[in-house]
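See structure below.
Every heavy atom of this structure was used, including side-chain atoms; hydrogens, water molecules and symmetry mates were not. Protein chains get the first letters and strands the later ones, always in sequence-line order, with residue 1 at the start of each.
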There are 2 protein chains.
Amino acid sequence: MTELLWGKEPARTRGPKPAITLTAIAEVGIAIADAEGLDAVSMQRVAGELPVTKMALYRYVPGKTELVAVMSDLAMGGPPDRPDLPWREALRTWAVDLYDGFTRHPWLLQSTIGRRLLGPNELAWMERGVAALTGTGLSGGEQLDSILVITSHVRNIAQQSTTFPGHTTGLTEEDMQLSLAEILSTEADRFPHLTTAMRTSAGSENQGLEFGLQRILDGLELLISGRTD
Amino acid sequence: MTELLWGKEPARTRGPKPAITLTAIAEVGIAIADAEGLDAVSMQRVAGELPVTKMALYRYVPGKTELVAVMSDLAMGGPPDRPDLPWREALRTWAVDLYDGFTRHPWLLQSTIGRRLLGPNELAWMERGVAALTGTGLSGGEQLDSILVITSHVRNIAQQSTTFPGHTTGLTEEDMQLSLAEILSTEADRFPHLTTAMRTSAGSENQGLEFGLQRILDGLELLISGRTD
DNA sequence: GAGTAACTGTGTCTGCCGGACACAGTAATG
DNA sequence: CATTACTGTGTCCGGCAGACACAGTTACTC
């Protein structure tokens with residue numbers, strides 16, 4: 001598995017040439033996931049778009065889990081190169097880059113949760129994240145925790161702002177808002193603070209990413225400036 | 001669907017008495033999910049632990065999606081009562097309570113993502129969250145964004161710290177750490193900052209919740225104190 | 001060159017899953 | 001008593017991941 005993700009080929013010897021490649025498989029999977037959601041990716045479906053049957057895929061990949069892992073690391077790609085910046089700006093652009101990645105492939109939000117083996121690209125993202133924080137006086141653990149907080153935030157915003165192809169219950173953002181509004185109107189007394197908060201926030205939306213990001217960066221700045229004193 | 005979650009019964013008239021109840025179904029589902037993970041919850045399995053066949057469940061619930069929604073809101077429960085506290089302490093205990101909820105039913109992390117209809121308990125949690133922030137001078141939108149950031153953080157920490165029954169690839173935390181350590185040892189030059197960060201963070205773990213929480217609260221405090229001036 | 005070993009792709013089969021649908025039984029209403 | 005509305009059941013479908021035996025292909029070894 002680690003070998004799959006890190007691209008160690010087992011050095012072919014005899015036997016027929018493979019008809020396809022792992023990367024080709026992963027790319028097909030990515031295309032399907034992009035277009036129709038992660039749930040549309042089945043071994044059948046992937047094989048159907050390759051000159052090969054379903055079972056042949058198992059020659060390249062131990063199981064679906066591993067396929068999705070390979071797809072994920074490939075789709076994620078590495079973090080884009082950015083000029084050196086002070087830690088705060090560096091971390092902010094890092095977060096925005098990450099957000100862009102998730103909006104490009106929304107299914108990554110599903111496929112990269114929980115305990116899993118990390119691929120080279122995912123590690124490269126982490127590398128750039130902690131790199132931004134070296135020299136701030138934060139300990140290694142604090143650096144890791146910091147980028148973790150930011151990652152959580154970015155993921156969550158991406159989740160709620162991007163519209164998923166397939167998979168979801170077919171609810172539009174409108175449906176949700178509508179149902180929520182209806183509930184809050186009939187049960188306003190049970191949720192007074194929520195009701196007024198919702199009402200006064202009606203128009204302004206979509207700056208959730210920046211809001212949370214600035215709060216977190218502010219918090220980090222406080223810690224860092226206290227640390228370097 | 002909204003009716004299901006909000007417990008509006010359709011006022012029975014004729015026909016046989018139902019053999020079971022929606023809540024009973026949900027409770028069975030919760031028990032299974034707690035013990036073996038959300039993926040172990042199938043209509044078959046749930047019906048198997050009730051005096052009823054699989055198809056009978058569809059008399060109580062339109063489909064599996066809705067069953068999981070009902071299970072989720074029920075398992076989540078309402079937020080515990082807490083004494084009134086200044087906003088920062090109130091928000092912190094709110095976050096910790098939320099964290100406890102997620103560790104009690106880890107599968108909630110899976111079942112409560114993305115666009116979905118909100119149940120009474122989920123709204124009650126939000127209510128308590130924004131309630132903590134009223135009177136801080138934050139706008140409604142800011143209040144909502146604030147509790148969203150905290151929720152993301154809590155969820156993410158819960159995700160990585162709790163061990164899931166079933167479902168996941170069967171990786172233990174050790175497996176991950178081990179594989180990571182191995183990779184970083186062979187490819188240390190590709191991830192220099194990450195490597196040193198990992199090395200220096202070796203022993204100390206598990207305060208990820210508090211770390212991020214304090215940073216976020218610090219950030220909010222900065223905003224709030226600037227706002228009330 | 002012949003034989004063999006290692007490899008690739010295929011077809012078939014099993015056991016799950018969610019759900020559609022027709023049907024029989026049951027309880028309240030007229 | 002007949003009708004009507006409801007509940008639970010059995011059967012069936014398509015789709016899924018994957019196990020496994022098998023046939024074809026290629027390179028190495030004698």
Side-chain angles (χ1 to χ4, degrees), chain A residues 1 3-4 8-26 28-29 32-33 36-71 107 110-111 166-170, chain B residues 1 3-4 8-26 28-29 32-33 36-71 107 110-111 166-170:
Chain A
M1 175 62 191
E3 305 77 39
L4 274 187
K8 315 289 180 200
E9 320 114 57
R12 301 197 14 74
T13 55
R14 344 190 162 178
K17 316 274 179 214
I20 50 179
T21 63
L22 177 59
T23 342
I25 299 177
V28 167
I32 298 175
E36 306 172 40
L38 192 59
D39 292 359
V41 177
S42 75
M43 301 305 268
Q44 296 267 21
R45 189 87 169 62
V46 171
E49 311 208 356
L50 286 168
V52 113
T53 64
K54 176 185 71 159
M55 290 314 293
L57 300 183
Y58 288 95
R59 299 282 177 201
Y60 299 81
V61 135
K64 197 190 169 175
T65 315
E66 290 80 2
L67 169 58
V68 174
V70 174
M71 283 170 52
W107 52 272
Q110 293 171 250
S111 64
H167 160 71
T168 21
T169 47
Chain B
M1 176 62 191
E3 305 76 38
L4 275 186
K8 315 288 181 201
E9 320 114 57
R12 301 198 13 73
T13 55
R14 341 187 164 180
K17 316 273 180 216
I20 51 179
T21 63
L22 177 58
T23 343
I25 299 177
V28 167
I32 298 174
E36 306 172 40
L38 191 59
D39 291 359
V41 178
S42 76
M43 301 305 267
Q44 295 268 20
R45 189 87 168 61
V46 170
E49 311 207 358
L50 287 168
V52 113
T53 64
K54 176 185 72 161
M55 290 314 292
L57 300 183
Y58 288 95
R59 298 284 178 199
Y60 299 81
V61 134
K64 196 190 171 177
T65 316
E66 290 81 2
L67 169 58
V68 174
V70 174
M71 283 171 52
W107 50 273
Q110 293 171 251
S111 64
H167 160 70
T168 20
T169 46

Notebook entry, point to check: How close do B:Y60 and B:P18 get, heavy atom to heavy atom, and via which atoms?
Noted result: OH-CB, 3.2 Å
Next item on the list: Let me know, please, whether B:V41 or B:K17 comes out on the 5' side of the other along DNA chain C by nearest nucleotide.
Entry: B:V41
Which side-chain N or O atoms in residues 45-57 of chain A pair as donor and acceptor under 3.5 Å with protein atoms at least two apart or in another chain?
residue : atom : partner : partner atom : Å
A:R45   : NH1  : A:E49   : OE2          : 2.7
A:R45   : NH2  : A:E36   : OE1          : 3.3
A:R45   : NH2  : A:E36   : OE2          : 2.3

Next item on the list: For A:A33, enumerate each residue passing the side-chain contact (heavy atoms from CB on, under 4.5 Å) test, keeping only those at least two apart in sequence or located in another chain.
Entry: A:L38, A:V41, A:M71, A:W107
Item checked: From CD1 (B:I32) to CG (B:D39), nearest 0.5 Å -> 12.5 Å
Item checked: Minimum heavy-atom distance B:G63-B:Y58, with the two atoms named -> CA-CE2, 4.0 Å
Check: Sequence neighbours excluded, which residues qualify as side-chain hydrogen bond (donor to acceptor under 3.5 Å, both in side chains) partners of A:R14?
Finding: none
Margin query: Output the rounded distance in Å from CD (B:Q44) to C1' (D:dC16).
Written below: 15 Å
Margin query: Could you tell me how far apart A:R45 (CZ) and D:dA17 (P) are, to the nearest whole angstrom?
Written below: 12 Å
Notebook entry, point to check: Applying side-chain hydrogen bond (donor to acceptor under 3.5 Å, both in side chains), which residue pairs with at least one partner in residues 17-26 of chain B are found, sequence neighbours left out?
Noted result: none
Item checked: Stretch residues 51-62 of chain B: residues that reach within less than 4.0 Å of DNA chain D through a heavy atom -> B:V52, B:T53, B:M55, B:A56, B:R59, B:Y60
Note to self: Using a 4.0 Å cut-off to any heavy atom of chain B, which nucleotides of DNA chain C are the first and last in contact, reading 5' to 3'?
What the structure shows: C:dC17 to C:dT29
Item checked: d(CG, A:L67; P, D:dA17) in whole Å -> 10 Å
Next item on the list: Drop me the distance from A:I20's CD1 to A:I25's CD1, to the nearest 0.5 angstrom.
Entry: 4.0 Å
Next item on the list: On DNA chain D, check which nucleotide each of B:I20 and B:R14 is closest to and give me the residue with the more 5' one.
Entry: B:R14
